[in-house]
2 protein chains.
Amino acid sequence: MPKTKYVEIYEDLKQKIEKNMYEYQQLLPSENTLVKEYECSRNTVRRAIGNLVNDGYVQTKHGQGARVIYQDFKQNEYMFGETETFKEFALRNLKKHETKVVVFEELTVDEAIHEHTLLPIGVEVYHIQRVRHLEGNPVIMDYNYFRKDVVKGLTVDIAEDSIYEYLARELNQRAVTAKRKMVVERTTEADEKYLKLDGFNSVVVVTSHIFNADGVMFEHTQSRHTPGNFVFFDQTQRK
Amino acid sequence: MPKTKYVEIYEDLKQKIEKNMYEYQQLLPSENTLVKEYECSRNTVRRAIGNLVNDGYVQTKHGQGARVIYQDFKQNEYMFGETETFKEFALRNLKKHETKVVVFEELTVDEAIHEHTLLPIGVEVYHIQRVRHLEGNPVIMDYNYFRKDVVKGLTVDIAEDSIYEYLARELNQRAVTAKRKMVVERTTEADEKYLKLDGFNSVVVVTSHIFNADGVMFEHTQSRHTPGNFVFFDQTQRK
DNA sequence: TGGTATTTGTCCGTATGTATC
DNA sequence: GGATACATACGGACAAATACC
């Protein structure tokens, strides 16, 4: 699939910023200059720049230009909370990883489950409980609910490898929108039984509602992270 | 200042979704229909819808339409981590609030301060340490550094009210971009001395780098939240 | 099954307004 | 005041995915 023009420009500019070809606090070339450089319309350039703004790479000012505010953070090795899956994360950081399935069962959503998952009453789901290990240490407990009409044919083997790889490869399904809520809670007995808490009496609880391309909320997950391995980044602009 | 057209359309659609005039899982009217309805160009409609996508209110699908995926969460009373200031948050939730200044001093950034704030060496800053109270309970410790060349004339009185209100009113300055990092750390002696921890041996540490309209990073803040009062929401789409 | 209409996605060009330099 | 630069808005063209008959 060919990349679109504005994505190409966006990625090119992004890379140039990361390589300090455009430096911190410097203005990007004006939109009209970039129009000539990339031989495209001004709208296309503006779209690319808009994406850089969303990433916190530049900040635009009316009448002035787009100023680089990217700073080369020391790349934190841990980085949960983004769209990345556990396996992707582990591979990117070259970490030994392992997933152990504690519970694997099939249920029908009742009032109680609906209450905390928002999944519709009556639909059939897989309920999976997994412990995620990094470098041999148990660092995350996942409680998943997957709609069986969307995620067909799950097995324990798949759940120990990567459900999302299976979804993409076999079912042509993927997560499009993820809504997440993060809180910190006191540990439960299960947390203390399964996780390596390093003295913490709390865990970071990330509750996710995940929608596929058809707008169906097909997954509800509660991930309980050991605090020592949890980092979350975020950037916002107000206009 | 008159609102722009696309913001008006965006806010109108948003409100209609919140009021269930467009229901969960329903498709919005097509772009061409909305063009007629709002008497504007298609680009303008698309921009409004794009903002709804960013808010996690709708999800678009090529050739099909924009489907509502907004769900009426029970509005959490606590909601830190957004762009809101402490005072705005307290007022919105009708909470009694109070800020006590523990440290107020003027410093010059040296190597050590630069290292953890990224503020340039040699610039003069206010260093402020504050305890934030909600309903009488100390729930946040703030460690602020403000550049004196941007934030002129700070006083203890201002720091106990709202620095951002002062910035806007007196100096015509404001936060445009905020970059944040969240981690959970074990409590320090200062945390235990000043905060009501309710048995937690950890705090949520939000480290912020804040840029003004000129692209100057004028503030570095570390906020240490008691876990029980911290909630963070987030939504992402991948295309 | 296939063809047509609908709908979103990309891209272009132009005009006007407004803030900055 | 004039030149530059970003922001908003319009309109049109075509491609690509989907829906419908």
Side-chain angles (χ1 to χ4, degrees), chain A residues 1-13 22 25-54 57-69 172-174 176-177 212-216 237-239, chain B residues 1-13 22 25-54 57-69 172-174 176-177 212-216 237-239:
Chain A
M1 198 170 61
K3 277 180 192 170
T4 59
K5 221 165 186 175
Y6 81 88
V7 171
E8 273 181 10
I9 298 171
Y10 157 69
E11 288 177 350
D12 189 57
L13 290 172
Y22 299 122
Q25 290 296 335
Q26 191 182 334
L27 292 175
L28 293 188
S30 77
E31 292 173 356
N32 284 324
T33 306
L34 292 173
V35 161
K36 289 168 196 158
E37 207 166 294
Y38 291 105
E39 292 176 327
C40 67
S41 75
R42 198 171 146 231
N43 279 334
T44 304
V45 164
R46 282 180 62 73
R47 221 169 146 182
I49 292 175
N51 283 349
L52 294 174
V53 171
N54 287 337
Y57 272 49
V58 304
Q59 184 179 286
T60 61
K61 187 173 179 184
H62 196 156
Q64 184 177 76
R67 172 164 276 115
V68 177
I69 56 170
N172 198 28
Q173 287 278 349
R174 59 198 193 83
V176 171
T177 301
N212 71 3
D214 297 320
V216 176
Q237 312 83 39
R238 10 183 169 186
K239 302 222 50 181
Chain B
M1 198 171 59
K3 278 180 193 169
T4 59
K5 221 165 186 175
Y6 81 89
V7 171
E8 273 181 10
I9 298 171
Y10 158 69
E11 288 177 350
D12 188 57
L13 290 172
Y22 299 122
Q25 292 296 336
Q26 191 181 332
L27 291 177
L28 293 187
S30 76
E31 293 173 358
N32 285 324
T33 307
L34 292 173
V35 162
K36 288 167 196 157
E37 209 166 293
Y38 291 105
E39 292 176 325
C40 65
S41 73
R42 194 172 148 228
N43 279 331
T44 304
V45 164
R46 282 180 62 72
R47 214 162 153 191
I49 292 175
N51 284 347
L52 293 174
V53 171
N54 287 336
Y57 272 48
V58 304
Q59 184 179 285
T60 61
K61 188 172 179 183
H62 195 159
Q64 185 176 78
R67 173 164 275 116
V68 177
I69 57 171
N172 198 30
Q173 288 278 350
R174 59 198 192 82
V176 171
T177 302
N212 72 2
D214 297 320
V216 176
Q237 311 84 41
R238 9 183 170 186
K239 299 224 51 181

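Throughout, protein chains are lettered first and strands after them, A, B, ... in sequence-line order, and every chain is numbered starting at 1. Since this is a predicted model, take the numbers as computed values, not measurements.
Remark: B/N54 engages B/N51, B/Q237 in a side chain to side chain contact (heavy atoms under 4.5 Å, CB included) (not counting sequence neighbours). Residues that satisfy the ring pair (Phe, Tyr, Trp, His ring centres under 6.0 Å) test with B/Y22, not counting sequence neighbours, are absent from this structure. Among residues two or more places apart in sequence or in another chain, the ring pair (Phe, Tyr, Trp, His ring centres under 6.0 Å) test is passed with B/Y6 by none. Applying the side chain to side chain contact (heavy atoms under 4.5 Å, CB included) criterion to B/E8, with sequence neighbours excluded, gives B/K3. Applying the side chain to side chain donor-acceptor pair (under 3.5 Å) test to B/K5 and every residue at least two apart in sequence or in another chain returns nothing.
If you take CG of A/N32 and P of C/dC12, they are 14 Å apart, rounded to a whole angstrom. In this entry the distance linking NZ of A/K61 with C1' of C/dC21 reads 11 Å, nearest Å. In this structure, CG of B/L27 is placed 11 Å from C1' of D/dA19, rounded to the nearest angstrom. The distance from atom CG of B/L28 to atom C1' of C/dT6 is 16 Å, rounded to the nearest whole Å. Rounded to whole Å, the distance from OH on A/Y38 to C1' on C/dC12 is 19 Å. Look at CG on A/D214: it is 11 Å from C1' on D/dT18, rounded to the nearest Å. When rounded to the nearest whole Å, the span between CZ of B/R67 and C1' of D/dT18 equals 12 Å.
At distances below 3.5 Å, at least one donor-acceptor pair connects side-chain atoms of A/R67 with backbone N or O atoms of A/Q25.
At C/dC21, one or more side-chain N or O atoms of A/Q64 fall inside 4.0 Å of OP1 or OP2 (strictly under the cut-off).
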### Task
Mark up nucleotides 8-16 of chain D, 5' to 3', with B wherever a protein heavy atom is under 4.0 angstrom from a base atom, S wherever such an atom reaches only the sugar-phosphate, and - elsewhere.
BSBB-B--B
